[in-house]
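Reviewing the structure listed below.
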Amino acid sequence: MLSQAIDTLVLLLAGGVGSRLNVLVQTRAKPAVPFAGIYRIIDFALSNVMNSGLTQVGVLTQYKPLSLMRHIGTGAAWDLSGRSRGVKILPPRTGAKDSDWYKGTADAVRQNLDFIAAHPSREILLLSGDHIYQMDFDAMIQFHRAKKAELTIGMMVVPESEIHQFGAGIANSEGRIIDWEEKPKKARTNLASMGIYIFDTEYLVSLLVENRDEADFGMHLIPRAIARDNVFAYPFTGYWRDVGTIQAYWEANMDVLRDDSDIAPEAWGIRPNPEADHRHLADRCPARFITGSEVRRSLVAAGCVIKGSVVNSILSPGVVVEAGARVRDSIILDDCLIDKNAVVDLAILDKRVRVAPGAVVGSGSGKAVANRLYPKHLYTGITLVGKEAVVPAGMVVGRNCIVQPCRQAGDFPKSAVEDGGTV
Amino acid sequence: MTLMKPRTLAMILAGGRVDELNVLTYYRPKSAVPFGGFARVIDFPLSNLMHAGLERVAILSQYRSYSLINHIGIGAAWDMLGRHRGISILPPFKGSGKSQWYKGTADAVFQNLDFVQHHTPEEVLIISGDHIYQMDYRQIIAYHRAKDADLTIAFLPMPLDRAHRFGVAELDDEDGELGGRVLRYEEKPAKPEHSWASLTVFCFKPQVLYDVLAANARDDHSHEFGRDIIPRLLREGRKLYGFKFRGYWGYTRTIDEYWQTNMDLLGPAPRIRLEEWGIRTNLEHRGIRDCQPLKVGPAAVIQDSLVYNGCVVEGRVEHSILFPGVHVKPGAVVKDSVLFFNNVVEADAGLFKVVSDVNTLFGAGSVVGGSAAGLRQEVTVVGWNNQIPAGTVIGAGCTIYPHLPPGRLPKEVKTGEVVQC
């Protein structure tokens, strides 16, 4: 029988600011932050949706959505374009009533009840676009149905020392969640929520309309549901990272380089959207390695030209490493130029940065000197350079530094940016 | 107002097999042979057309056209999808009357004259899909219009001792370096007397094309542009001009030429400037858009090479070209070689001056292509979907046929041997 109803509707929360990613999110939302050379963070969630056979997606955006909207495009990159397939961008909007910015995750979904009604479904899969992982949502949907749950939450075991960052659940022997604490100060469990929820559609709608003041799932709706109804934990054991901090972002990128790595975007079936980039991947030639270059334990995307040395680093499309230049332990985004004899050590360079001849980005042993403006963002030694900045010839930039986007020679101090400094 | 309708219709001759390319063209036409580490030969003329804004294109295909049709897709990779933009593939077809295979390049166009006339072009640009070069076709079209020529042909200077493989012409210096009248033309003469070689780039006045093809179909037994059409037009006293081209032109009709043209992509100052030419390919074909960036292992060495996304290099790669999905394992050496999509070189294997077609596995410790003896040895070519057992030794200048059954390959293949199914 032909039916209008789809089994599971996907709602992807992609509105978060992700402010701890600092200059990387000055012009883009966190899900649109580039990852592992040719991907963006949201490609992982969207590809998991595609590979699980799900076909209708709403993407809830709020913060700096342009780069994200361009990236998602028609959705064809994730096979979400066709007669019964689609991806819709759902920004906040004004209407006869309920017109406001999204005040929280639950509020964002509540403001889109019309979208949910327009796409009749049995369940709703609620995801975040912020995470690096591979997961079969279809298996989770089958689990949800087998348990006859009203709500199923994807959960994984984390070290007790990290549980304070997560929603924490206590499950009984059947997997039913019997107690819940949002970001607990003191650990009573090591079972953490991954921010992946399957709701029976009718149940979600009733939860949302019962109390119109509740803005957040983790803080309000989930505890209420656990106290009252059938809520199950779906156990996940694979690789999963929230790359919401500079340190976590750097580590997850470096994980891709390791031989014994659990993370393999291509083998996981993760698809980028090459059409949406500033320069189409089709306009990139194979990476060119010149005699005398040295490249070890690195990812090198198409369009790169390597004359110097690259160790333990990620080079996005179009990066040029000139003769005598050295790149180590770094993430270099699209079309950066590391000019002759320049050094980039333990740094993240946003797109189209130029490091002029002989300049050093990431110098010295002051890895413990936290950034003075953002001590909670940069404290492990990583230096950040914003989009299109030019580090002048001979300049020495220390550890935990920030060079804001588009900075030019005149914006820098005379010869050096000290550890923890900001340009 | 032109209503934006394109004035020029481009037709690409892409039907040929080219026997000398041997196992590389057993399953695909010459124009679909991989080239440049990610692309196919036909991507060069297609990209030239795209950059020239000539986006109303027809492709004449006949031999094993599946690979080519798959590669062209909807044409969007070259921006040839829109109201007045498109690629039409024109295979041989059955009509209500007598119908037949294309009997030559001229016959292929003749059988599709209704298609050409339907587009009412102001000029028809007919080019080969088999060559590696970069050319701004707008220049030859502008010259053709300025001279009000019946046919304008692109020529490049060729040493006389190599000219016998081409159509060669004598041109006058009517327009100096730019071009001149075609005074004489000979197709593949045994003893060439003129040194302007045809690139198979023809710009025709449409009515002249229609008339000469009809006369050729009526009167002649051979139906090739070079052998038949150009001499006929000269006999008729038509206005034929030569446009002088002086750039790089890769004529890859033998395995050796094909290998050499690949090597022209490498070195400190490559003769083929891939990045500047703006070569585009269809990333949907073979799913290469799904490839992750090249992963370089902790002990890898890569020198003077081109490597595309989807490769994993853990061994040593020198002066070579790796297409997407090639895996070179620890201890393996790949030198002076071209490895097509998804080749796997197992640990400690050595490849020296090898061209290997897609999906071939070189077992651990196998040595293929003789040794590191140097560039003077002959190319060894390996057909697709082969499993070379561990420890096998294959000499220089060998030919291994595609998809050999298990056990067919001896433990040792001597220099110059051919192993068939």
Side-chain angles (χ1 to χ4, degrees), chain A residues 35-39 43 47 50 76-78 256-259 261 263-275 279-307 310-320 323, chain B residues 36-39 43 47 50 76-79 265-270 272-285 287-314 317-326 330:
Chain A
F35 186 84
I38 57 170
Y39 306 96
D43 293 344
S47 300
M50 169 182 73
W78 304 278
V256 185
L257 302 179
R258 296 204 328 265
D259 283 343
S261 178
I263 162 171
E266 187 180 325
W268 286 2
I270 306 303
R271 292 198 110 194
N273 186 7
E275 277 92 26
R279 197 173 154 194
H280 196 304
L281 185 65
D283 287 324
R284 308 278 191 184
C285 295
R288 183 180 288 278
F289 296 81
I290 309 292
T291 301
S293 66
E294 180 202 13
V295 182
R296 280 184 287 123
R297 203 191 295 277
S298 292
L299 279 194
V300 181
C304 289
V305 179
I306 317 292
K307 300 179 189 170
V310 178
V311 178
N312 208 43
S313 294
I314 299 207
L315 306 192
S316 307
V319 172
V320 176
Chain B
F38 70 137
D43 293 337
S47 299
M50 178 183 78
W78 303 275
D79 205 25
L265 291 157
L266 301 175
I272 301 174
R273 298 191 303 278
L274 210 48
E275 289 88 350
E276 289 170 41
W277 290 7
I279 300 309
R280 267 193 166 225
T281 191
N282 182 2
L283 298 180
E284 303 288 344
H285 192 194
I288 62 178
R289 59 173 285 165
D290 291 351
C291 293
Q292 67 181 33
L294 157 69
K295 189 170 179 177
V296 186
V301 175
I302 310 177
Q303 298 288 300
D304 192 13
S305 294
L306 289 177
V307 188
Y308 199 74
N309 290 357
C311 292
V312 179
V313 175
E314 300 169 282
V317 176
E318 270 181 69
H319 198 238
S320 293
I321 292 163
L322 308 188
F323 282 73
V326 170

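In this text the structure is predicted, and so the values were computed from the model without any measurement. Computed from heavy atoms alone, side chains included, the values below leave out hydrogens, waters and symmetry copies.
For a residue to count as touching a neighbouring chain, one of its non-hydrogen atoms must lie under 4.5 Å from one of that chain's; by this rule Glu276(B) does not touch chain A. Only the backbone of Val256(A) comes within contact range of chain B, judged by heavy atoms closer than 4.5 Å. Heavy-atom distances place the backbone of Leu257(A), and not its side chain, under 4.5 Å from chain B. Contacts of Ala77(A) with chain B are made by both backbone and side-chain atoms, with heavy-atom separations under 4.5 Å. With a 4.5 angstrom heavy-atom cutoff, Asn273(A) touches chain B via backbone and side-chain atoms both. With a 4.5 Å cut-off on non-hydrogen atoms, Val307(B) touches chain A through its backbone and its side chain both. The part of Pro270(B) that comes within reach of chain A is its side chain, from C-beta onward, which places non-hydrogen atoms under 4.5 angstrom from that chain.
Closest of all the heavy-atom pairs between Gln292(B) and Tyr39(A) is CB-OH, 3.2 Å.
When the candidates Pro324(B), Gly278(B), Cys291(B) are compared by the number of heavy-atom contacts under 4.5 Å with chain A, Cys291(B) comes out ahead. Ranking Asp290(B), Leu322(B), Asn282(B) against chain A, the residue ahead of the rest is Asp290(B), based on heavy-atom pairs under 4.5 Å. Ranked by heavy-atom pairs under 4.5 Å with chain B, the list Ala267(A), Gly292(A), Ala36(A) is led by Gly292(A). Among the candidates Gly37(A), Ala301(A), Ala287(A), the residue making the largest number of heavy-atom pairs closer than 4.5 Å to chain B is Ala287(A). By number of non-hydrogen pairs under 4.5 angstrom with chain B, the leading residue of Glu266(A), Arg296(A), Arg258(A) is Glu266(A). Looking only at heavy-atom pairs under 4.5 Å with chain A, the residue among Ala299(B), Pro293(B), Ala300(B) that has the most is Pro293(B).
In this structure, Ile290(A) CD1 and Leu266(B) CG are separated by 9.0 Å, a value rounded to the nearest 0.5 Å. The OG atom of Ser47(B) sits 9.0 Å away from atom CG of Asp283(A), with the distance rounded to the nearest 0.5 Å. Distance CD/Glu294(A) to CD1/Ile302(B): 11.5 Å, rounded to 0.5 Å. Expressed to the nearest 0.5 Å, how far CZ of Arg280(B) lies from CZ of Arg284(A) amounts to 11.0 Å. Remark: Arg289(B) CZ to Leu281(A) CG distance equals 9.0 Å, nearest 0.5 Å. Rounded to the nearest 0.5 angstrom, Arg297(A) CZ and Lys295(B) NZ are separated by 9.5 Å.
Checking each of Leu274(B), Leu265(B), Ile279(B) against Cys285(A) for a side chain to side chain contact (heavy atoms under 4.5 Å, CB included) leaves exactly one that passes, namely Leu274(B).
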What verdict does the side-chain contact (heavy atoms from CB on, under 4.5 Å) test give for Leu283(B) and His280(A), after you've listed the backbone C-alpha separation in whole Å, the side-chain angles of each residue and the deciding distance to 0.1 Å? CA-CA 11 Å; Leu283(B) 298 180; His280(A) 196 304; 4.2 Å; yes
Pair Leu294(B), Phe289(A) - check side-chain contact (heavy atoms from CB on, under 4.5 Å), show working. CA-CA 12 Å; Leu294(B) 157 69; Phe289(A) 296 81; 3.4 Å; yes
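The backbone N or O of Ala302(A) sits less than 3.5 Å from a side-chain atom of Asn309(B), completing a donor-acceptor pair.
The shortest distance between side-chain heavy atoms of Pro286(A) and Ile321(B) does not fall below 4.5 Å.
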